[in-house]
Each structure stands twice: as C-alpha cells, then as structure tokens.
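First up is the structure itself, then whatever we jot down about it.
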Amino acid sequence: MPPLRHRGAAKKPMWIIVLLSLVCVALMGAYVYPPRRYSACYFFASSVCTPFKDWLPNVAREKTDEEIISSVVIRDLLSMPMPVSKNPKIAFMFLTPGSLPFEKLWDKFLQGHDGRYSIYIHASREKPVHSSSLFVGREIHSEKVVWGRISMVDAEKRLLANALEDVDNQFFILLSDSCVPLHTFDYIYNYLMGTNVSFIDCFLDPGPHGTGRYSTEMLPEIEQRDFRKGAQWFAITRRHALLILADNLYYNKFKLYCKPAEGRNCIADEHYLPTLFNMVDPGGIANWSVTHVDWSEGKWHPRSYRSADVTYELLKNITSVNENFHITSDDKRVATLTPCMWNGTKRPCYLFARKFYPEALNNLLKLFSSHTAA
C-alpha cells in the first residue's frame, strides 16, 4: 500500500508543471502575437485585462481602408488654406422643437448688424411662429429629433450643411430655443473672429457617464482612451464645420454603438464631437463651450432660470466666470477648474447662456442694455 501512495503523490507535481507550462506558452504567445482587437479581453474583467495590455509591445496595427480614406481627407482639410471672405459672418444655428421664445431679445441683439450674421432654424416638431421679422423664412428642412440619439447629431450636421452654403459664414454657433446672448453683438463677433480655434467642450470623465458609456464595438478605430465627453453647444470655425460633414468613419461608430437606454446609456451628442476632435485635432479646440449651462443641481437636465431668477447680478456673475468647470461622474467626483485662454490671455468664458424659461423674456429685455453696457 505505501508504494501506491507514493506513486499518486508523485503525479501531482507533474500536473502542476504541465499547467504552468501551458500558462507560460499562452502568455508568450500573447506577448509575441498580441490581438489586433481586444476581443480576448471580453473574457476577463477590465481591471485585469487593462494592465496586461499595458505591458504588451506597441505593435502598429494595419489600418482599414476606411481609416486611410478618413485620415487623408481630414489631414488635407486641416492643412489646406481656407477661402478668405471679404465680409465674414457668424452663422447662428438654432436647434429647436418649434418657436423661439426669445426672438425679440435676439432681434435687439442683432439690430444694426445686417450683413454680419446669418440665421438658420431647425424646427424638429412644428413650424415656428415668429415675433421678429429677422427670423422669418430662416427655417431649413428639418427632421424629427430624439434626445440622446444620433438624430440630434444629424440635425446639427443639417444646420452646418445649410450654413456652409454661404461662403461668407466663417463661424458657426449651435444654439437652443432656451439660449440667450450675454454680450453685445460686437463683443461676440470680435471674440470669435479674433481667434482660429473652435469652442468645443471636451474632457476626460472616467465615470459611468463618461468612459463608462464607451463600447468596445468602437474598436479598432476608437479606443477607450480616446473617448471624451462635453456639452453639445459649440462655436466652430469653417474648417472644423467642413471636417464634421466630411467625417463618416467616426460618425458611423457613434450611430451604431452610442445609444441611450441600452446598458451604457450613451448620449451621442455629448460624446461624438468631443471624441472626434480629441482624436483628429486636439490642439484646434479650446475644450470649453462658450454657452454657459448650470449643472450644479446634479440632475439629468441643467438648471432652468425662471423670471424671478433673472437679475443683473445673475448675468454679471455668469459673464465674469473666467475658468471652465468640469467634474467626473465616478465616486471620486474630481472637480477641475481650467482658465479660459483666448489667444494666450485669460478671458471670460461665456458668450451665451441657457436654459431660460420663456417667462424670463421681459426681464431679459429690460436688463440687456444695462447689463451689456456695463
């Protein structure tokens, strides 16, 4: 009997050796032949897989045909000279479900500046009823828009396409029906025309409402480290407007794999442009939006200002802000304040603000002249 026990005990080290050998072979194979796509990582927790990928050799991946086409087009768009306009204009692009409740305020803001601006209205639900003649006949062909879905981005692209038809339009501002101007027309015009960067909000949020919305289906073109978040309200140069319309590769990734209420609850208009420009032209954007939005209440939608909230102090407080605020959505809730730099100089961040209830119109009209003159 003892000899039998001895033979059984002798087999155990052999199994351990075989198992260790198989593990070593697998690790060596992964080291020498790392996967082009990280589908193998689906079997492991991301916390285990990510460190493993970090020490693998950085082997250049063969680009797809679509990537090569995209990179060539974007490279040339970013380097080619833009036509110089003798009469540069700002395109005010309104994304709204219907009528614009602050047309009278915008009319006051635009008066006396004919030939220096254009207006475009995308009304997704109903034909607007106008209270200002400046807005009559400014509607473009519009389609239904669903919050959080790619149809929101499609509406933005539709506005850009119509605005780009006018070769004099040099800056393109996306606005909502609840947006109002915070400064005089001349101030905003000089602020935008005096720089060559686009104002696109863009920051890294490692939390569930940031990279937690990323899908590995976006690989290989978009990696998780490229994924960014930001407010949709942009002010962009003509070059960047053309780039957005030219992009098909990255747009399709968001169209297919960034949708609300599907596990990750990805909101396309919060991630597409920040991610796109972080990847193709990070130095060409300011990383903040010139439209102020108050997210301090921590809800799905930002704070809305009623008539009683609209005071001289409120408007002065918003226009005096010269640092951009971001906070992550993870448990750490890391807050960052970044100076708003305009051509190397620290300047106020915001030219517009939202969200205002229609009832605030009269207070805004009363305060506009005194506030903007101060």
Side-chain angles (χ1 to χ4, degrees), residues 30-31 33-64 66-71 74-75 78 150 153 197-198 200-232 234 240 243-244 247-260 262-289 324-336 338:
Y31 185 90
Y33 303 106
R36 290 184 180 180
R37 299 175 69 114
Y38 301 122
S39 56
C41 293
Y42 299 165
F43 296 102
F44 303 96
S46 59
S47 60
V48 175
C49 188
T50 300
F52 174 74
K53 289 185 293 184
D54 289 342
W55 59 262
L56 291 178
N58 187 16
V59 178
R61 174 179 59 81
E62 182 180 355
K63 291 184 177 181
T64 64
E66 291 79 7
E67 282 183 284
I68 295 172
I69 293 170
S70 176
S71 64
I74 290 174
R75 180 199 65 196
L78 291 175
I150 200 67
V153 176
V197 300
S198 290
I200 296 175
D201 193 25
C202 177
F203 75 105
L204 175 62
D205 177 5
H209 301 315
T211 52
R213 294 171 173 175
Y214 170 80
S215 170
T216 51
E217 296 291 342
M218 293 184 175
L219 289 168
E221 293 86 357
I222 303 174
E223 298 185 29
Q224 188 178 49
R225 64 184 179 185
D226 301 317
F227 202 71
R228 293 293 184 273
K229 181 181 180 179
Q232 75 179 108
F234 59 70
H240 282 161
L243 191 153
I244 292 170
D247 172 55
N248 190 52
L249 174 67
Y250 302 106
Y251 165 82
N252 280 332
K253 289 289 182 176
F254 282 87
K255 181 178 182 179
L256 294 172
Y257 307 118
C258 183
K259 301 175 183 179
E262 291 189 4
R264 297 177 181 85
N265 202 32
C266 188
I267 310 299
D269 56 85
E270 291 184 3
H271 297 285
Y272 168 55
L273 291 185
T275 301
L276 172 66
F277 283 94
N278 174 62
M279 294 183 67
V280 304
D281 192 20
I285 63 174
N287 294 319
W288 87 84
S289 169
N324 186 37
F325 176 79
H326 287 127
I327 186 168
T328 62
S329 60
D330 57 2
D331 292 337
K332 295 180 179 179
R333 304 293 290 175
V334 177
T336 56
T338 308

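Rounding to the nearest 0.5 Å places CD of Glu221 at 11.5 Å from OG of Ser71. To the nearest 0.5 angstrom, Leu273 atom CG is 10.0 Å from Ser198 atom OG. Interatomic distance, Phe234 CZ to Gln232 CD, rounded to the nearest 0.5 Å: 8.5 Å. Distance CG/Asp201 to CD/Glu270: 9.5 Å, rounded to 0.5 Å.
In this structure Thr328 satisfies the side-chain hydrogen bond (donor to acceptor under 3.5 Å, both in side chains) test together with Asp330, sequence neighbours excluded. Here Ser329 pairs with Asp205 under the side-chain hydrogen bond (donor to acceptor under 3.5 Å, both in side chains) rule; sequence neighbours left out. Annotation: side-chain contact (heavy atoms from CB on, under 4.5 Å) contacts of Asp247 (sequence neighbours excluded): Ser70, Leu249, Tyr250, Tyr251, Tyr272, Leu276. Here Phe277 pairs with His240 under the ring-ring contact (aromatic ring centres under 6.0 Å, His included) rule; sequence neighbours left out. Here Tyr257 pairs with nothing under the ring-ring contact (aromatic ring centres under 6.0 Å, His included) rule; sequence neighbours left out. Contacts of Asp269 classified as side-chain hydrogen bond (donor to acceptor under 3.5 Å, both in side chains), with partners at least two apart in sequence or in another chain: none. Under the side-chain contact (heavy atoms from CB on, under 4.5 Å) criterion, Asp226 pairs with Ile222, Glu223, Asn278, Met279, not counting sequence neighbours. Scored by the salt bridge (Lys or Arg N to Asp or Glu O under 4.0 Å) test, Glu67 finds Arg61 as partners (sequence neighbours excluded).
Judged as a salt bridge (charged side-chain N to carboxylate O under 4.0 Å, His left out), not a single pair has a partner in residues 271-289 (not counting sequence neighbours).
Proximity of Asn324 to Asn287: side-chain heavy atoms (C-beta onward) are nowhere separated by under 4.5 Å. You'll find the side chain of Asn248 stays beyond 4.5 Å of the side chain of Glu66, heavy atoms only. Using a 4.5 Å cut-off on side-chain heavy atoms (C-beta onward), Leu243 and Val280 make contact. Phe254 has its side chain out of reach of Val153: every pair of non-hydrogen atoms, C-beta onward, lies at least 4.5 Å apart.
Here the closest heavy-atom approach between residue Ile267 and residue Pro260 is recorded as CD1-CB, 3.9 Å. Between Gly210 and Lys229, the shortest heavy-atom contact is CA-CD, 4.4 Å. Shown here for Met218 and Cys258, the closest heavy-atom pair between the two residues is CE-CB, 4.0 Å. Closest of all the heavy-atom pairs between Gly230 and Pro274 is N-CG, 3.7 Å. The two residues Val197 and Ala286 have their closest heavy-atom pair at CG2-CB, 4.4 Å.
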| From CA spacing to verdict: side-chain contact (heavy atoms from CB on, under 4.5 Å), Phe203, Thr336 | CA-CA 10 Å; Phe203 75 105; Thr336 56; 6.0 Å; no
| Audit row: Trp288, Thr338, side-chain contact (heavy atoms from CB on, under 4.5 Å) steps and yes/no | CA-CA 9 Å; Trp288 87 84; Thr338 308; over 6 Å; no
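When atom types are taken as modelled, the side chain of Ser215 and the backbone of Glu217 share a donor-acceptor pair closer than 3.5 angstrom. Here the side chain of Lys255 pairs no donor or acceptor atom with the backbone of Ile150 at under 3.5 angstrom. Within the 3.5 Å criterion, the main-chain N or O of Arg228 finds a donor-acceptor partner in the side chain of Thr275.
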